[in-house]
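The following block contains the structure, expressed as structure tokens.
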Number of protein chains: 2
Amino acid sequence: MQIAEETKAPSRREREKEARRRAMLEAAQAVFAERGYANATLDEIAARAEFGKGTLYNYFAGGKEEILFALLDQLYDGIIEIIDSHFSIAAVKTDDIRSVVVRFLDHTFAFLAEQDDLFLIAIKEAHRYIFGDDPEKTEYFRRQRDRIVDALVPPIEAAMDAGVLKPLSATAVAHMLLGNINGCYTHVCLCNRFGSPEETAPYSASENAEFIATMLFDGLAVRDKN
Amino acid sequence: MQIAEETKAPSRREREKEARRRAMLEAAQAVFAERGYANATLDEIAARAEFGKGTLYNYFAGGKEEILFALLDQLYDGIIEIIDSHFSIAAVKTDDIRSVVVRFLDHTFAFLAEQDDLFLIAIKEAHRYIFGDDPEKTEYFRRQRDRIVDALVPPIEAAMDAGVLKPLSATAVAHMLLGNINGCYTHVCLCNRFGSPEETAPYSASENAEFIATMLFDGLAVRDKN
DNA sequence: TCACTTCATGACTACTCGGTCACTTTTGCT
DNA sequence: AGCAAAAGTGACCGAGTAGTCATGAAGTGA
């Protein structure tokens, strides 16, 4: 008779295995960030994780690429988690829509700032796969995007139903919101990298959040006052 | 005594040379689009252009990478040209600001649709270089971005001075406009690639132009009518 | 302690391709 | 036609590295 595994109480063996896996991912993240995915070598990842190269293949049979996608999983999971906990239907119904959005953006930008390395790895490689010709990879990104959009849509719809957002297509608005988060944070990375000449970008998470919220809610046009 | 060359009247030699160069770039564009930059081989580019591989090096001493950047030059030059001819200070002063912006966006999206291959090559590779560790390449993209922003700023400032745009930082607005053009067209490519389930994106150049203009000018918030 | 399973290892293989250069062909000039 | 310069060529080379696998170490249970 065995101890009930699977469902809970991972054995020491399993915990250690998981810890090793995490160490490998951490090493890989560092090497990808430093050299870029294409120039990263499995030898260096293995060395940095203090394992033999062959061992990597025991944990990630798919090699370099599987390691990359395991890292991307972490990024997407983190974003989904933020949406679930800060952009719920309940929050939208209780609080002012604008402050809910600002709070959500705030957490998201803070998370991205924390996961800077991962975010950069993702945006450097994503387009190559999305517009590349391996349908499995294209599908991966489509799935991740849909997960996020599907999590954003219900609260947006609730806000529209409550009459606090223009009654547009909730899906379109979700895509736009996602696109602007991505675009804005990419722009922040760009400014960090280029060294922007003064006031072209907000930098802190909450400044970014305010900036996008203002843009999205208010627009650029001068309004007739009255 | 020589015929006055350099300034004008390119000789037949020169014209032929230029034509061969263009043929090489065309072949390279096709191969990059088909295989992706990383998987494209000089052998295939040379074969498709009907030249020997060595000949490519007579025209592009920098090899594969120089060819890529020569292609990118074409894309950026095209965009600058559109700005110069459709988003001038004169236009902003004469016409309604919103219709000038719509017209400009319209032309831009039409151009990108025409240059689809090139645009995709650019977005697949740009981030890798921008956030990569070759400062010369980072600088290239910074320069191209600045060219575009610098072309956008004067008309935007003119519109602000005329009181038809909120008096924000013109540079920030230019960056945002550029970011949204990029983001919007990327999203269109994404939908084409993924096959979007219904109404998530506008597709034609003018629909895209209207969409962005509406977003930028009006915002999402429901306004108190009165 | 022994037999057996699981896991770790890194030298090795196989392969790809960017770039070179010695040689050939073409061109332009007299 | 003859010659020299320019242009074209593609077989070859070497660097780089993803992935394999034969070997051995460590862990496990009796």
Side-chain angles (χ1 to χ4, degrees), chain A residues 1-3 5 10-25 27-28 31-32 34-71 125 128-129 132-134 137, chain B residues 1-3 5 9-25 27-28 31-32 34-71 125 128-129 132-134 136-137:
Chain A
M1 196 186 288
Q2 303 176 317
I3 304 169
E5 14 83 355
S11 65
R12 180 177 59 80
R13 289 274 288 251
E14 276 160 337
R15 271 179 287 124
E16 284 177 355
K17 195 160 180 165
E18 180 54 29
R20 274 182 233 120
R21 198 186 122 99
R22 259 204 303 278
M24 288 172 189
L25 285 176
V31 178
F32 288 163
E34 220 162 88
R35 308 235 182 272
Y37 176 73
N39 295 321
T41 68
L42 288 181
D43 282 318
E44 184 171 357
I45 294 170
R48 188 160 326 188
E50 297 180 278
F51 288 99
K53 178 156 61 155
T55 312
L56 290 187
Y57 281 88
N58 292 342
Y59 287 76
F60 301 94
K64 201 180 177 186
E65 211 168 56
E66 183 176 336
I67 295 176
L68 173 65
F69 280 84
L71 283 171
E125 305 307 324
R128 215 166 44 75
Y129 283 111
D133 53 11
D134 180 341
K137 296 308 180 306
Chain B
M1 196 185 291
Q2 305 174 315
I3 302 168
E5 14 83 354
S11 65
R12 182 175 60 79
R13 288 276 285 253
E14 277 160 337
R15 270 179 288 124
E16 283 178 354
K17 194 159 183 168
E18 180 55 29
R20 275 182 231 120
R21 197 186 123 98
R22 259 204 303 277
M24 288 173 190
L25 286 177
V31 177
F32 288 163
E34 221 163 88
R35 308 234 182 270
Y37 176 73
N39 295 319
T41 66
L42 288 180
D43 282 318
E44 184 171 356
I45 294 170
R48 189 159 328 187
E50 298 180 278
F51 287 99
K53 180 156 58 155
T55 312
L56 291 187
Y57 281 87
N58 290 343
Y59 286 77
F60 301 95
K64 201 181 178 185
E65 212 167 55
E66 183 175 337
I67 295 177
L68 173 65
F69 280 84
L71 282 171
E125 305 307 323
R128 216 167 43 75
Y129 283 110
D133 53 10
D134 180 342
E136 211 169 303
K137 296 308 180 309

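Proteins get letters first, then strands, A, B, ... in listed order; numbering begins at 1 in each.
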Interatomic distance, CG@Asn58(A) vs CZ@Arg21(A), rounded to 0.5 Å, equals 13.0 Å
Mind checking Tyr59(B) for me? I need base, sugar-phosphate or nothing, with any heavy atom below 4.0 Å counting as a touch. sugar-phosphate
Taking the side chain of Lys53(A) as its heavy atoms from C-beta onward, which of dT9(D), dA8(C), dG10(C) lies nearest to it? dG10(C)
Aromatic plane relationship, Phe69(B) with Tyr129(B) - under 30° parallel, 30 to 60° tilted, over 60° perpendicular: perpendicular
Please tell me if Thr55(B) has a side-chain N or O lying less than 4.0 Å from either OP1 or OP2 of dT9(D). yes
Of all the choices, dG19(C), dC7(C), dT20(D), which nucleotide is nearest to the side chain of Lys64(B) once you look at every atom? dG19(C)
Would you say that Leu56(B) contacts Met24(B) through its side chain, given a criterion of any heavy-atom pair below 4.5 Å between the two side chains? yes
Using a 4.5 Å cut-off on heavy atoms from C-beta on, say whether the side chain of Arg128(A) contacts that of Tyr37(B). no
Please examine the side chains of Tyr59(A) and Glu66(A), heavy atoms only from C-beta on, and report whether any two atoms are closer than 4.5 Å. no
Is the closest side-chain heavy-atom distance between Ile45(B) and Phe32(B) below 4.5 Å? yes
Within the structure shown, what part of the strands sits under 4.0 Å from Gly63(B) by heavy-atom distance: base, sugar-phosphate, or nothing? sugar-phosphate
Point-to-point distance, once rounded to the nearest 0.5 Å, from OG1 of Thr41(A) to NZ of Lys53(A): 8.0 Å
Nearest to the Asn58(A) side chain among dG19(C), dA7(D), dT9(C), which nucleotide is it? dT9(C)
Once you round it to whole Å, what is the distance between P of dC12(C) and OH of Tyr57(A)? 18 Å
Whole Å only: how far is the CD1 atom of Ile67(A) from the C1' atom of dA18(D)? 11 Å
Does the side chain of Arg20(B) get closer than 4.0 angstrom to OP1 or OP2 of dG8(D) through an N or O atom? yes
Near-strand residues of residues 35-52 of chain B, defined as heavy-atom separation under 4.0 angstrom from DNA chain D: Phe51(B), Gly52(B)
Rounded interatomic separation in angstrom, taking CZ from Phe60(B) and C1' from dG8(D): 15 Å
Nearest-Å distance, CG (Leu56(A)) to P (dA8(C))? 10 Å
